[in-house]
Amino acid sequence: MIKRKSNREIEKMKEAGELLASVHKELRSFIKPGVTTMEIEQFVERYLKKHGATGEQKGYQGYEFTTCASINDEVCHGFPRKEKLENGDIVTIDMVVNLNGFLADSAWTHAVGTISEEAQKLMDVTKTALYKGIEASQVGNRIGDIGHAIQSYAEGEGYSVVRDFTGHGIGESIHEDPYIPHFGEAGKGARLKDGMVITIEPMINIGSWKSRMDDNQWTARTVDGTLSAQYEHTIAITKEGPIILTEQHD
C-alpha cells in the first residue's frame, strides 16, 4: 500500500533531509587519501548525535552501521572498515537519517584525491541520471517514466544500470511501497500522486549491470570488477513538481 504524506510530514522529512545533505557536504572535505571508511562512519555518527538525530540503518535487519561505504567496484551496502582509502578511489556513502521520527535517505559518490577521467565521467553520468529521473517524477506520470528516463540516458552514454536494487517509498520506515526501478518502460507502473515520497537512487556501472554478493550477504559488487557509482535523493511528489528533500545547496 502506498502511503501519501501530509504537507506537515513532508516538511518534517525535509528537515531530516537538510541535515543529511549537510553531512554529505561535510564529507567533501573529510574524505581524502589515508582516511578509512570506519573513520567516516564515526564522523557521521558524531555529527548526527550532535544535531539530535540518529542513523536509521543501524540495526535495520541486523545491519551494524550508520553508513554504507561502497568503494570502487562495490555497488552498494559496503561495510565501513579500517583499510585506508587511496588516491584515485571513489566511495559511495549512503545513509538514512532519523530526525524526530522522520526519515530521509541519500547516497553520494565522493572522489578520493585525484581520480581518473573514467571515474569522473561515471560519477557525472550517474548524477545526471538521478536528476533525469527526478525530472520525470511529475504528478500523473508513472513509475516506469522514472526508470525509462534514467536507463535511456545512462545506456545512451555507454553505461549499464543495476537491476538488482531499486529506489522505494520512504516514511515511517526505510522501505515502503512503491519500489522505483531505475530501468523500464515509459507509461508503465503505478501513477505518481501528490503526497508520495520516494527515493531515486540509480547505481550505474562502467561494465555489466550484473552484481554478485559478498560472503557477508550485504555487500554487492560488479561481476566484472568495473567501477560503480550511485547518487540518491529523497523526493516529494507534489502538484508543483518534485521537491528534493535532500538537496545539497552550495
Side-chain angles (χ1 to χ4, degrees), residues 2-28 44 47-48 51 53 55-57 67-68 76 92-100 102-110 123-143 145-151 153-154 161 165-172 174-176 178-182 190-204 229-250:
I2 297 173
K3 301 175 183 173
R4 293 158 74 182
K5 312 299 188 294
S6 68
N7 289 339
R8 176 187 167 276
E9 288 172 316
I10 290 171
E11 197 55 42
K12 291 292 186 182
M13 293 180 78
K14 187 169 188 285
E15 290 174 11
E18 287 171 349
L19 176 58
L20 202 171
S22 74
V23 179
H24 280 308
K25 288 177 74 172
E26 291 289 330
L27 289 177
R28 293 180 197 174
V44 170
Y47 189 94
L48 294 182
H51 291 86
E56 188 72 8
Q57 288 175 168
T67 63
C68 295
C76 60
T92 300
I93 305 299
D94 185 8
M95 70 190 91
V96 182
V97 167
N98 182 327
L99 181 64
N100 302 320
F102 294 88
L103 306 184
D105 188 358
S106 176
W108 217 251
T109 300
H110 298 267
M123 289 169 59
D124 292 344
V125 167
T126 307
K127 189 191 290 186
T128 300
L130 166 63
Y131 284 93
K132 296 274 187 188
I134 293 170
E135 286 171 19
S137 302
Q138 306 288 339
V139 169
N141 279 0
R142 293 186 181 272
I143 286 172
D145 296 322
I146 298 173
H148 178 74
I150 291 168
Q151 182 181 17
Y153 169 72
V161 180
F165 304 93
T166 69
H168 49 86
I170 184 170
E172 294 175 1
I174 296 177
H175 295 116
E176 295 183 353
Y179 287 93
I180 313 291
H182 304 111
R191 201 173 289 282
L192 299 172
K193 296 181 180 178
D194 182 49
M196 290 171 63
V197 180
I198 61 173
T199 72
I200 302 175
E201 47 185 294
M203 288 147 265
I204 307 295
Q230 179 189 16
Y231 290 86
E232 172 187 17
H233 276 313
T234 298
I235 312 295
I237 310 296
T238 78
K239 292 170 185 170
E240 290 74 38
I243 298 173
I244 302 173
L245 305 184
T246 48
E247 185 71 287
Q248 297 174 37
H249 300 287
D250 289 317

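In what follows, residues are counted from 1 in the order of the sequence shown. Values below: all heavy atoms of this structure, side chains included; hydrogens, waters and symmetry mates excluded.
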Sequence neighbours left out, what passes side-chain contact (heavy atoms from CB on, under 4.5 Å) with [X]? Give chain and number order.
{"X": "Ala107", "value": "Thr92, Asp94, Gln230, Glu232"}
{"X": "Ile243", "value": "Ala236, Thr238, Leu245"}
{"X": "Arg4", "value": "Lys193, Asp194, Met196"}

Minimal non-hydrogen separation, Ile93 against His110, with atom names: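 Where Ile93 meets His110 most closely, the heavy atoms are CG1-CD2, 4.1 Å.
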Closest heavy-atom pair and its distance - Ile200, Ser137: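 Ile200 and Ser137 have their closest heavy atoms at CD1-OG, 3.3 Å.
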ring-ring contact (aromatic ring centres under 6.0 Å, His included) partners of His175, counting only residues at least two apart: Tyr60, His168
Residues that Asp124 engages under side-chain hydrogen bond (donor to acceptor under 3.5 Å, both in side chains), provided they are two or more places apart: Gln120
Residues Glu176, Lys5: salt bridge by 4.0 Å N-O rule: yes
The single option from Ile235, Ile150, Ile146 passing side-chain contact (heavy atoms from CB on, under 4.5 Å) against Ile180: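 Answer to the side-chain contact (heavy atoms from CB on, under 4.5 Å) test with Ile180 among Ile235, Ile150, Ile146: Ile146.
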Donor-acceptor contact below 3.5 Å, side chain Tyr231 vs main chain Pro202: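 Side chain of Tyr231 to backbone of Pro202: no pair is present.
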Audit row: Trp108, Lys127, side-chain contact (heavy atoms from CB on, under 4.5 Å) steps and yes/no: CA-CA 9 Å; Trp108 217 251; Lys127 189 191 290 186; 3.9 Å; yes
Side-chain donor-acceptor pairs under 3.5 Å in residues 16-24, sequence neighbours left out?
from  : atom 1 : to     : atom 2 : distance (Å)
Glu18 : OE2    : Lys14  : NZ     : 2.8
Ser22 : OG     : Leu19  : O      : 2.6
Ser22 : OG     : Tyr47  : OH     : 2.8
His24 : NE2    : Ser106 : O      : 3.2

His233 and Tyr131 aromatic centres sub-6.0 Å: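 Under 6.0 Å, so yes.
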